[in-house]
Amino acid sequence: MGPLIPPVKKRLRNLILYSFDNYKNYRNSIPIFLSMKRSVPISIVLVVSGVALSIFGALAGAMVIYFQNWKALTTSMDESAIQLATITASALAPLPESQTTRASLDERFSMRHREILDRLQSNAPDFCSPKVTLYWASGPDTLERRNEFRLDGAMIPSVANEQVPDHVLRSLTEGVGQVPMTRPFSDVRSWVGDIWRAENHEIGSADAAVPLKAGDGSLIGVIQAELQPDSELFIFRTLIGNAWIIGAATLIPGMLLSVALSAYFRHRFRQLQSGLREIANNKLDVHLPRSVIWELSETLDQFNRTTQSLAEQRVARDLAIQNLEVAQRQAVVAQQAKSDFLANMSHEIRTPMNGIIGTTSLLLETGLNSEQRELVQIMRSSGQSLVHLINDVLDFSKLESEKVELEISPVHIVDLIEETIEMFAYYAADANLELLYHIDPSVPEIIYGDHERLKQVLVNLIGNSVKFTEEGEIIVSISQAASGTGNGAMPSIEFSVSDTGIGIAPENHQKIFDAFTQADASTTRIFGGTGLGLAISKVLCELMGGDLKVESDLGQGSRFYFNLKFREVPAQGNVKPINTPEIRDALQGRKAIVICRNQSLLGLIQHHCSHGSIQCATIDQLVAPMIPQIIQSQPDFVILDPRFQPEDVVQQLAQALAAARIPTQMWLMVGTSKPAWASEAPPNWPLRVTYKPLSKEKLIFGLLELQQVVAGNPDGVAMLQSLRNQTDDTMVTEDFAKRYPARILIVEDVPMNQKIATMVLSKMGYTSIETADNGYKGVERVARGGIDLIFMDLQMPVMGGVDATKKIRENFHLERQPVIVAMTGHALAGVKESCFKVGMDGYITKPISVDAIKTIIAENRQKLPSSINSASAAVR
């Protein structure tokens, strides 16, 4: 063992010194290693971390053990030194109580030589060389060295003027003086230095001193004991006791264990990576073996469970896809069947409805009394309601199949609103509701948009308001909303329909826009309806770039509104008569008294009167004492709404106005008969009865006619009526055939529809009208020439309208190709497109209306002949 100790000590010492000297560099390099962005193999991480932890653990353990052993050893030697000094002092006892001299003390020390030597041998550690020294107390705080006694028995005499150690002097006052061998715990390098000094015989000794006293307690001298450890034996015990070799030996199994663990984990992770690659390649039959390590085993088990679950999901997904494919094919078949059913039902229902509505429209042009006219109007309104319901169902089907296409064309805002309002005039009057509309002057007259879709939304909103409002009013407002500030931002128009109806609870605001749904199930039983109107309207608004919203509280009425961005149609130079300067100036400065209980209607009349700069005075509640004041003020006009006014007071006012010949314009609800006093009014009283809904044109032209009557100018009245009718395209007039002459062929298999179409065209002034029962006969008639316009049904026996159109378009022997207009009960998506695809020029749906026929003829006027032989196309 002896020859191996020096090389081992040197290597360990050099390693420890090198490690501490380069600790700073290692400390700075650790963050750089940890901050590397590239990944490191787990084997390297485990080996490096295992080796580092082994080294650190070995060093830390060895240092702690070394310190503890060194501390115990040095403490034991310090205690042995004190014990040796004390035992040596006791070997000189008993000392005389007085008159002890240096000579007597030296003599006593020599006499007890053998006893002191025995005590040195028995109380000194085996690996130490003990010695004791005697000091004489020559004074209270001075000492003089006398003799030194060693283990070999030699006694070394004192040296003159030899300096006394400090700890020996401290023993005089403290009782024990000592130089300890222990080192501070923080001075690690001193431990290494101890080994270095021990190897070179520089290791210190345990040194202690105790006072020597006489029997009376007086101080005689001091006994100093020193223990000098043997260097070789001390080093050997230190190395073995402090476990440096054992600590260093732990590095090898630590490194081997790290390498083994790294290889094991690397193998397992490679298996896991391989399994993940298999999953990425859609191979789900991978199964990884379990591991003896619990955490890794859990991970592998989870991987196996995941692959099994994915495999089961894939099987379920494939089965679901197969089911979806079957369901999709069934849905396509069902959708086609539904489309065919709706198309057939639409055709079958519209065909008789064409006869009902067409007949009632013609009947209204004949001489009917008031009761008959009201009954016919009810019939026509009921038929139109049924057609509206059919349109809702068809539109819902189109929206479901996403086949709705918008048509962008010029839309006259005023005409759109007025024709929509007129549709509900009778319904509102029957429900005793005021139906008003207001168009802000900032709104342009004509914009680009889809006239029919916009009208459909307004019809649904106004129809709902009429249905759910028991009393009060319905106001349709059109205003220009605030436009964006960005470049290229388009202005928008807000369409609003407000009512004083039952209202909608806030929690149902979104529910009402669902198909076949109403805010409350009870409303379906009370008011009826399919619940399609609002759902269709919302989708149409979104298609047009807007969003239908609602503001309502239960019992507080409702307000439906939507904004649409628009492009204004440039002015073409045509100005409506109502907007001409002559009309505006004709009533300037006139005074009018407006008598009306409804504040909204009253404000609207005032607003329209401001168009002609008419000064208005208003009366809310009419009472008898006001009548003389009204007559005395001599107004130019009295505008009277007798609704909710006392009948007797209104009659008194009428008599007074008739007597004073004050021009009066009276507004009545549609369907309301004239009061008896109005029918019996004197002929010289300028009275004009006008029916609601109120419009600016009705109001202003009515006042102008009254003005001409007062002036005694019947020609002026006729001129105003003619001027007003110039823009009224809804009137059936024989002048239309003069503007758009044509020789017409109606190809229709239902005799009733032939008759209705012939009567409508005859009312418009056309006399050259022929019919054909099917498409084959129609083709034969066209081949003979002389036909300019064809109204072609689609679904007919022998040959349908589409095939007939193809045959006509393929006939190159015709001198002139006629205009062909589809006239059908089919209104589903795709039908219109197929008609245009085969060469048709227009498309109208049954039941036909005068407006639709006039519009389609006017749109194709360029394709009609400009002049026709009077013999073949005479007009009445």
Side-chain angles (χ1 to χ4, degrees), residues 354-355 357-368 380 409 412 415 419 451 574 576-577 718-719 721-748 750-772 778 781-782 784-793 801 805 808 814-824 840-876:
N354 181 55
I357 295 178
T359 302
T360 54
S361 299
L362 294 173
L363 191 59
L364 287 172
E365 299 298 324
T366 62
L368 301 174
R380 186 173 68 172
S409 60
H412 294 259
D415 295 344
E419 69 182 63
H451 180 278
N574 297 327
K576 282 192 172 185
M719 182 190 68
Q721 292 177 348
S722 175
L723 185 64
R724 182 178 177 184
N725 293 336
Q726 285 181 9
T727 57
D728 189 2
D729 293 335
T730 62
M731 296 187 61
V732 180
T733 171
E734 297 176 357
D735 293 337
F736 187 84
K738 295 179 181 180
R739 294 201 302 269
Y740 309 108
R743 293 164 293 189
I744 301 174
L745 173 64
I746 301 173
V747 185
E748 169 67 57
V750 180
M752 181 185 64
N753 289 342
Q754 292 180 2
K755 186 176 181 180
I756 294 296
T758 301
M759 293 176 65
V760 171
L761 292 169
S762 297
K763 282 289 185 179
M764 296 170 61
Y766 293 102
T767 56
S768 179
I769 305 172
E770 301 179 37
T771 61
R781 175 61 190 89
V782 172
R784 296 197 298 269
I787 298 298
D788 305 306
L789 175 62
I790 303 173
F791 288 96
M792 181 78 72
D793 190 17
T805 301
I808 294 173
L814 293 176
E815 180 181 355
R816 181 188 183 93
Q817 280 286 338
V819 174
I820 303 177
V821 177
M823 185 175 63
T824 178
M840 293 187 180
D841 302 287
Y843 177 90
I844 59 176
T845 58
K846 298 175 182 178
I848 62 173
S849 64
V850 175
D851 291 343
I853 293 177
K854 293 174 67 176
T855 299
I856 203 70
I857 292 176
E859 289 177 352
N860 291 276
R861 60 182 178 274
Q862 301 296 334
K863 300 177 183 179
L864 295 173
S866 58
S867 60
I868 298 178
N869 189 290
S870 59
S872 61
V875 293
R876 292 188 235 172

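- By the side chain to side chain contact (heavy atoms under 4.5 Å, CB included) test, Ala772 is found to be paired with Leu745, Val747, Lys777, residues two or more places apart in sequence or in another chain being considered.
- Minimum interatomic distance between Gly785 and Arg781 (heavy atoms only, all atoms of both residues): O-NH1, 2.7 Å.
- Separating the CE atom in Met840 from the OG1 atom in Thr824 is a distance of 9.0 Å, to the nearest 0.5 Å.
- The two residues Val821 and Tyr843 come nearest to each other via the heavy atoms CG1-N, 4.0 Å.
- Between the CG atom of Asp788 and the OH atom of Tyr740 there is a distance of 15.5 Å, given to the nearest 0.5 Å.
- Here the closest heavy-atom approach between residue Ile790 and residue Pro818 is recorded as CD1-CG, 3.7 Å.
- Nearest heavy atom pair, residue Leu789 against residue Ala742, reads CB-CB, 4.3 Å.
- With rounding to the nearest 0.5 Å, the separation of CZ in Arg743 from CG in Leu864 is 10.5 Å.
- Annotation: side chain to side chain contact (heavy atoms under 4.5 Å, CB included) contacts of Thr771 (sequence neighbours excluded): Ile746, Gln754, Thr758.
- Legend: residues meeting salt bridge (Lys or Arg N to Asp or Glu O under 4.0 Å) with Glu859, ordered by chain and number and at least two apart, are absent.
- For Asp841, the side chain to side chain donor-acceptor pair (under 3.5 Å) partners are Arg809, Lys863, not counting sequence neighbours.
- Atoms CD1 and CE, on Ile853 and Met823 in that order, are 7.5 Å from each other to the nearest 0.5 Å.
- Annotation: the span from Thr767 atom OG1 to Leu761 atom CG amounts to 11.0 Å, rounded to 0.5 Å.
- Between the NZ atom in Lys854 and the CZ atom in Arg739 there is a gap of 6.5 Å [rounded to 0.5 Å].
- Formation of a donor-acceptor pair under 3.5 Å by the Gln817 side chain with backbone atoms of Ile808 is found in this model.
- Asp415 has its side chain out of reach of His451: every pair of non-hydrogen atoms, C-beta onward, lies at least 4.5 Å apart.
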